[in-house]
Amino acid sequence: MALRFYNTLTRQEEEFVPLNTGEVRLYTCGPTVYDYAHIGNFRTYLWEDLLRRYLQHRGYRVTQAMNLTDVDDKTIANAREAGLTLADYTRKYIEAFFEDVAALGIEKAEHYPRATAYIPEMARLVRRLQEKAHVYESRGSLYFKISTFPGYGRLSRVDPAAGAGQARIDSDEYEKDNPRDFAVWKAPKDDEPYWDTEIGRGRPGWHIECSAMSMKLLGETFDIHTGGVDNIFPHHENEIAQSEAATGKPFVRYWLHAAHLIVDGEKMSKSKGNFFTLRDLAARGHDMRALRYMLLSVHYRKPLNFTVEGLSQAGAALGRLDDLALRLEAATPSLTTGGGDLAVKAEKVLQGMTDALDADLNTAGALGHLFDLVRETHSAVDAGRFGERDLMATRGVLRAFETIFGIRPGQRADLDTDIEALIRKRAEARARKDFAAADRIRDELLGRGVILEDTPQGVRWKRK
RNA sequence: GGCGGCGUAGCCAAGCGGUAAGGCAGAGGUCUGCAAAACCUCGAUACAUCGGUUCGAUUCCGAUCGCCGCCUCCA
């Protein structure tokens, strides 16, 4: 089966064929570093991580770029408020972003271009647009004239001829010819950072950043560009206009967009008090692995309703995978030869998972197949129908889950030596049938977050 | 107002023309010193509502209701 993605450009699921065989160039819209990223942002970043991992699993070499927008209205305003230079202010949130990325187990992209490091490239792109008469000046700023780009609106399906809706009626942006024309270069102001470039002094517009950096790092036509649905218009529409107007080439072949995360059924917002950063959740003791599992278990194009109950359900589901992995870690096959029924099942499950993920990254479908195998594996081990081949095959499926979903089943912190000593003491107590003493030790360990399970093969432990 | 998405058991969530995967929670049982874990059994005359197309619709079409989003440099 072929890998297929839903392409926003065509509003259809299409077979994925990269420009160069075996290689995928991927641009994922990253954070504006004016504050901590919230879990809605990470829903998107996590899905992009899955996309990257799955492409790799399918044998593609991936080159990914994720921008860090470190100059825009908000970063400038917040830096001023904090009494810091723009660079000092954004550094803090760039560092925080990478801490969060690490906490969630997101693979690093090949490139994290900062907007302020690509100003000359942006100016050059604007220059090209000027040369082709796509840009006009107004009050010292440069605007892209959308009427000069016939394909405008193809991605978002907005009608460039129609007015921009009632929302902007009272805006004072009357210096534009058309309300939907957008700034590619902003006039310098005394109290704002600015750069001297070949097109003069000023700072870049938001959209030009992504066009300039993506084309510089990935080429003027590349394979996949992603972001949240809110980016479809105006950001990505404008990127297409600028890039294709400048180069005369198709900009991006596949546009993929993730639906939003909502909290308790409502849009997340600071005023509603339902706004969570990763740090908020970690501080409340929530498990980042469970969060990762939860955010990945819902198909990326469906709205995801985040609730604390949902997070704990995700933790419980993940716990089942952990339990299986721990059991397999300790397992000795009951049949050194023979068995093999489960190995056959495992092959089918792996195929089922691949088919599901091939179909526009259907993670929920893939997990359904995985849990079929979980149940049947336990069943086979219980029944003693479990051979060497079965063990290998089952471990193989768990490894595939680990590389694709970025979650390692059975992962646990190491035991302290004094906890190990307690576990041994309890085993001795049980051996002499001193169950009262054994239970005391078990309770004590539970209080320290260690759960014990007595199995025919001996004591197993895991962290709560 | 324009454009787009979503509505499946208590909760989460696949499926998208042939009669409802999976997870969590719950009930009963097996196993266990007791637990835990695991396994077995049990759950939607039914997929928001109402029409239509069809031999047949959760799946296609239309309408209605509800929710979410974009149209303002919010993933």
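In what follows, chains carry the letters A, B, and so on, assigned in the order in which the sequence lines appear, proteins first and then strands, with residues in each chain numbered from 1.
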Between [N] atom [atom2] and [X] atom [atom1], what is the distance in whole Å?
X      : N      : atom1 : atom2 : value
A/D323 : B/rA35 : CG    : C1'   : 15 Å
A/D360 : B/rA14 : CG    : C1'   : 14 Å
A/F182 : B/rC70 : CZ    : P     : 20 Å
A/K74  : B/rU72 : NZ    : C1'   : 11 Å
A/N305 : B/rC6  : CG    : P     : 16 Å
A/E237 : B/rG4  : CD    : P     : 14 Å
A/R157 : B/rG4  : CZ    : C1'   : 10 Å
A/I451 : B/rA38 : CD1   : P     : 11 Å

Closest to the [X] side chain, choosing from [options]:
X      : options                : answer
A/S379 : B/rA14, B/rC11, B/rC39 : B/rC39
A/H378 : B/rA38, B/rG23, B/rA37 : B/rA38
A/E453 : B/rA75, B/rC70, B/rA37 : B/rA37
A/H38  : B/rC71, B/rA14, B/rC74 : B/rC74
A/D439 : B/rG33, B/rC39, B/rC12 : B/rG33
A/D372 : B/rG22, B/rA14, B/rG69 : B/rG22
A/K302 : B/rA75, B/rA38, B/rA14 : B/rA14
A/D454 : B/rG69, B/rC71, B/rG33 : B/rG33
A/R320 : B/rA13, B/rC40, B/rA38 : B/rA38
A/R460 : B/rU72, B/rC11, B/rA37 : B/rA37

Rounding to the closest angstrom, what is the interatomic distance between [N] and [M] at atom [atom1]?
N      : M      : atom1 : result
B/rU59 : B/rG7  : P     : 11 Å
B/rU30 : B/rA35 : P     : 12 Å
B/rG18 : B/rC60 : P     : 11 Å
B/rC12 : B/rG52 : C1'   : 33 Å
B/rG29 : B/rA36 : P     : 13 Å
B/rC40 : B/rC24 : P     : 12 Å
B/rG2  : B/rA14 : C1'   : 33 Å

Please work out whether the ring planes of A/H235 and A/W206 are parallel, tilted or perpendicular, with thresholds of 30° and 60°.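 Ring orientation of A/H235 relative to A/W206: parallel.
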Please work out which of the three classes, parallel, tilted or perpendicular, describes the rings of A/Y89 and A/Y93, given edges at 30° and 60°.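 Geometry flag for A/Y89 against A/Y93: tilted rings.
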Within 45° cone of A/F435 ring axis and under 6.0 Å: A/R430 NZ or CZ: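 Judged by the rule (NZ or CZ under 6.0 Å from the ring centre, within 45° of its axis), A/R430 is not positioned above A/F435.
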Aromatic A/F275 / basic A/K267 pairing, under 6.0 angstrom, 45° off normal: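 That pair does not qualify as a cation-pi contact.
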Please classify the nucleic acid contact of [X] as base, sugar-phosphate, or nothing, using heavy-atom distances under 4.0 Å.
X      : value
A/K267 : base
A/L261 : base
A/R385 : nothing
A/L324 : nothing
A/G40  : base
A/A316 : sugar-phosphate
A/V158 : nothing
A/R375 : sugar-phosphate

How far does CE of A/M122 sit from OG1 of A/T116, to the nearest 0.5 angstrom?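 A/M122 atom CE to A/T116 atom OG1 measures 8.0 Å (nearest 0.5 Å).
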Check the pair A/Y54 / A/D358 against side-chain hydrogen bond (donor to acceptor under 3.5 Å, both in side chains), numbers first and verdict last. CA-CA 9 Å; A/Y54 191 62; A/D358 274 354; 2.8 Å; yes
Establish whether the base of [N] is bridged to the side chain of [X] by a donor-acceptor pair shorter than 3.5 Å.
X      : N      : answer
A/R442 : B/rA36 : no
A/Q313 : B/rC12 : no
A/R301 : B/rG5  : no

Mate of B/rU41 across any strand shown (Watson-Crick or G-U wobble, both atom pairs under 3.5 Å) is B/rA27
If we call it a pair only when both distances are under 3.5 Å in a Watson-Crick or G-U wobble match, what pairs with B/rC70? B/rG2
State whether A/D372 and A/K348 are salt-bridged, where the test is any N-O pair (Lys NZ or Arg NE/NH1/NH2 against Asp/Glu carboxylate O) under 4.0 Å. no
Carboxylate-amine/guanidinium proximity below 4.0 Å for A/R203 and A/D73: yes
Centroid under 5.5 Å and tilt under 30°, A/F435 to B/rG33: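 A stacking contact exists, since A/F435 sits close and nearly parallel to the base ring of B/rG33.
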For the base of B/rG69 and the side-chain ring of A/H260, does the geometry meet a stacking cutoff of under 5.5 Å between centres and under 30° between planes? no
The residue, A/S156 or A/G365, whose nearest nucleotide of RNA chain B is more 5′ is A/S156
Mapping A/A359 and A/E309 to their closest nucleotides on RNA chain B, which lands nearer the 5' end? A/E309
Determine the sole option in A/N238, A/T69, A/N231, A/N67 for which the side-chain contact (heavy atoms from CB on, under 4.5 Å) test with A/C210 is passed.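 That would be A/N67.
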